[in-house]
Number of protein chains: 2
Amino acid sequence: MAEAAGVSRAAVSKVLRNAYGVSPGMRQRVESTIEQLGYRPSVAARALRGSSYRLGLEIPHIDARFMTQILKGAKRAVAGTPYQIILAPADGPEYDTLESLADGLVDGIIAVSPLVDQAWLEDLARRVPVVMLGRHDTPAGYDTVTGDDHAGARAVMEHLLSLGHRRIAHLTEPENVTIPGSGTPHSVRLEVYRACMAEAGLSGNIQVGRRDVSGGDAVGAAAALLALPEPPTAIFAGHDDMAVDALAAVGRTVAVAGYDDTDLAAHPLIDLTSVDQQGVEMGAQAATMLLERFQGRTEPRRYMAATRLRIRSSTAS
Amino acid sequence: MAEAAGVSRAAVSKVLRNAYGVSPGMRQRVESTIEQLGYRPSVAARALRGSSYRLGLEIPHIDARFMTQILKGAKRAVAGTPYQIILAPADGPEYDTLESLADGLVDGIIAVSPLVDQAWLEDLARRVPVVMLGRHDTPAGYDTVTGDDHAGARAVMEHLLSLGHRRIAHLTEPENVTIPGSGTPHSVRLEVYRACMAEAGLSGNIQVGRRDVSGGDAVGAAAALLALPEPPTAIFAGHDDMAVDALAAVGRTVAVAGYDDTDLAAHPLIDLTSVDQQGVEMGAQAATMLLERFQGRTEPRRYMAATRLRIRSSTAS
DNA sequence: GTGAAAGCGCTAACAG
DNA sequence: CTGTTAGCGCTTTCAC
């Protein structure tokens with residue numbers, strides 16, 4: 001490449017990064033040669049020496065519709081920058097996926113990994129900039145972007161209670177995702193559920209269903225709730241995907257509310273009451289924070305998105 | 001790393017790739033040092049010299065449920081190999097996304113890019129192994145994995161016709177995706193639709209609706225079909241996502257059939273008749289073909305998955 | 001303003 | 001069986 005343009009490699013490198021110290025004439029010459037040759041710099045080589053200009057987004061469930069929102073926002077935030085987003089689907093323990101992203105593939109990581117150990121994350125964040133989604137912890141070396149799970153869950157419960165429901169069940173993820181005090185979104189939503197029930201003097205009516213550990217759907221869990229001696233009249237599902245499963249199991253016999261306000265919730269045939277926690281904005285914030293870290297920021301930042309309850313017919317009386 | 005174990009870098013490299021010429025003692029020593037240091041080889045450096053052990057899956061719409069199936073199959077196929085899958089979401093023209101994957105990030109590419117030029121692809125395939133999904137072309141340098149769009153579309157049409165429908169509309173993608181003879185899945189489905197209508201003596205009833213070019217939904221297009229002077233009694237949608245949009249627009253007043261048999265189609269509240277084209281198997285085949293190319297295969301292979309019509313209540317009379 | 005040269009962390013010949 | 005060595009393609013001082 002350098003020879004083709006009759007200049008040094010250094011010159012080419014400078015033009016590529018439009019750094020100082022290139023005369024207009026040289027820049028011109030290099031650029032036209034790049035054009036002619038269809039030359040593209042090797043990401044591997046760049047990464048070895050500097051940056052790969054790749055941003056890794058680790059996602060636990062590709063089919064979780066909430067992820068679509070996150071990606072959309074992140075894309076929007078990096079538009080116009082030289083950075084690109086690559087997705088790393090995690091299967092099972094996210095440690096491996098995160099490690100392998102950190103192995104020099106990307107300049108920074110956005111991850112949805114509520115279960116990984118904070119100390120381990122701090123360690124990772126020392127090697128590569130990290131922004132975590134949906135962690136209510138207080139990190140030293142990475143940033144967090146979360147929704148306001150307290151407010152969101154409370155809004156759902158107040159809505160259901162105001163409709164007169166007394167037997168309200170909560171449909172959530174397996175136990176390992178909802179350990180009290182762990183700060184995962186689903187642990188918070190569960191805690192709020194319990195608290196609201198207690199405040200309403202309905203502690204005796206607390207019922208918690210959980211979806212299969214095997215990553216299966218929540219249809220069975222919802223059906224099990226309905227089969228109780230005193231079945232719930234309303235189900236607060238931890239997120240829309242489970243809510244949709246619940247609808248599949250219980251039909252319109254029970255009020256169902258979800259979380260995330262995914263596009264499916266707005267579908268007329270589903271028409272699910274849900275909590276909008278601004279997933280797109282969260283994705284955009286996460287990417288922006290990463291870009292800030294690339295530019296030198298080191299002190300941690302935390303962003304919490306506001307929530308809004310979208311009431312639809314799934315909770316109509 | 002090498003010094004820490006008191007051996008040469010070459011030895012470490014060999015252990016890593018478990019190549020020949022390492023004594024058990026040395027392997028032992030190296031491995032335990034790797035363990036102690038938590039050492040992880042740099043992907044960038046490996047890629048520069050050999051392989052990155054990363055497989056790129058380019059997908060046009062992350063939210064297309066069909067992609068979930070592809071990814072699932074691909075994951076299954078690489079399980080147990082040293083390869084990992086990374087996803088590259090394409091926005092707009094796939095050329096850029098594919099190029100940037102080929103820039104040394106991955107050892108091979110699986111892509112869903114019906115619109116890119118074949119000659120251009122052949123060119124790309126000379127630089128890096130490529131498997132294309134959903135292209136009915138006859139390539140020289142890359143492999144293809146497709147569904148049997150002829151059989152699948154015909155099955156839908158025969159089903160609808162056998163139910164007595166005469167005014168059957170087709171809901172498909174924008175024109176640029178369905179250019180006759182282009183070999184895209186949607187162009188084939190459209191052609192089969194026309195052919196089946198003609199064969200049934202219903203050429204006069206052909207109605208084609210298209211979803212918004214802007215990547216929007218197909219709700220409006222479906223509503224427009226229904227607003228025709230002689231509205232269709234059945235809609236054959238090019239894929240499930242559009243079929244679900246159609247259901248949103250027309251409710252249960254019109255028979256609706258989709259394509260791909262995504263998990264949403266099986267949902268009781270949707271319960272959509274659809275064509276199962278074995279997306280998981282297609283993904284697995286694609287990944288397997290790529291692995292074969294890594295091992296030296298160069299002659300092109302083409303795989304076509306069989307289809308099966310799943311009849312559900314959305315086309316009940 | 002420009003080019004020469006060192007080196008990122010690894011792999012693949014080759015020599016020992 | 002083991003270690004030395006020469007790059008992979010780029011970025012980055014540092015002379016010129």
In sequence, state the C-alpha distance, the side-chain angles, and the governing distance for A:Glu31 and A:Val15, and then conclude on side chain to side chain contact (heavy atoms under 4.5 Å, CB included).
CA-CA 8 Å; A:Glu31 279 176 347; A:Val15 171; 3.9 Å; yes
Rounded to whole angstrom units, what separation is found between the [atom1] atom of [X] and the [atom2] atom of [N]?
| X | N | atom1 | atom2 | value |
| --- | --- | --- | --- | --- |
| B:Leu105 | D:dC10 | CG | C1' | 15 Å |
| A:Arg54 | D:dC10 | CZ | P | 13 Å |
| B:Asp103 | D:dC10 | CG | C1' | 13 Å |

Check the orientation of A:Tyr83 and A:Tyr53. Use parallel for under 30°, tilted for 30 to 60°, and perpendicular for over 60°.
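Plane angle between 30° and 60°, so tilted.
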Taking the nucleotide of DNA chain D with the nearest heavy atom to each, does A:Ser51 or B:Ala10 sit closer to the 5' end?
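That would be B:Ala10.
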Polar side chain donor-acceptor pair, B:Thr97 to B:Glu58, under 3.5 angstrom:
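Distance-only check fails for B:Thr97 and B:Glu58.
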Report yes if the side chains of [X] and [Y] come closer than 4.5 Å at any heavy-atom pair, otherwise no.
| X | Y | result |
| --- | --- | --- |
| B:Gln277 | B:Asp260 | yes |
| B:His186 | B:His239 | yes |
| B:Val112 | B:Phe66 | no |

Would you give the length of the straight line joining atom CG of B:Leu115 to atom CZ of B:Arg135, rounded to the nearest 0.5 angstrom?
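One gets 8.5 Å once the value is rounded to the nearest 0.5 Å.
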Using a strict cut-off of less than 4.0 Å between a Lys/Arg side-chain nitrogen and an Asp/Glu carboxylate oxygen, indicate whether B:Arg46 and A:Asp103 qualify as a salt bridge.
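A salt bridge is absent here (no side-chain N lies under 4.0 Å from a carboxylate O).
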Name the pairs: protein N/O against N/O of nucleotides 14-16 of chain D, kept only if under 3.5 Å.
none

With 3.5 Å as the limit, what N/O pairs link the protein to nucleotides 8-10 of chain C?
| unit_1 | atom_1 | unit_2 | atom_2 | d |
| --- | --- | --- | --- | --- |
| C:dC10 | OP1 | B:Tyr39 | OH | 2.5 |
| C:dC10 | OP1 | B:Ser42 | N | 2.9 |
| C:dC10 | OP2 | B:Tyr39 | OH | 3.1 |

Look at all strands and tell whether B:Val12 reaches a base, only sugar-phosphate, or nothing, counting heavy atoms closer than 4.0 Å.
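No contact.
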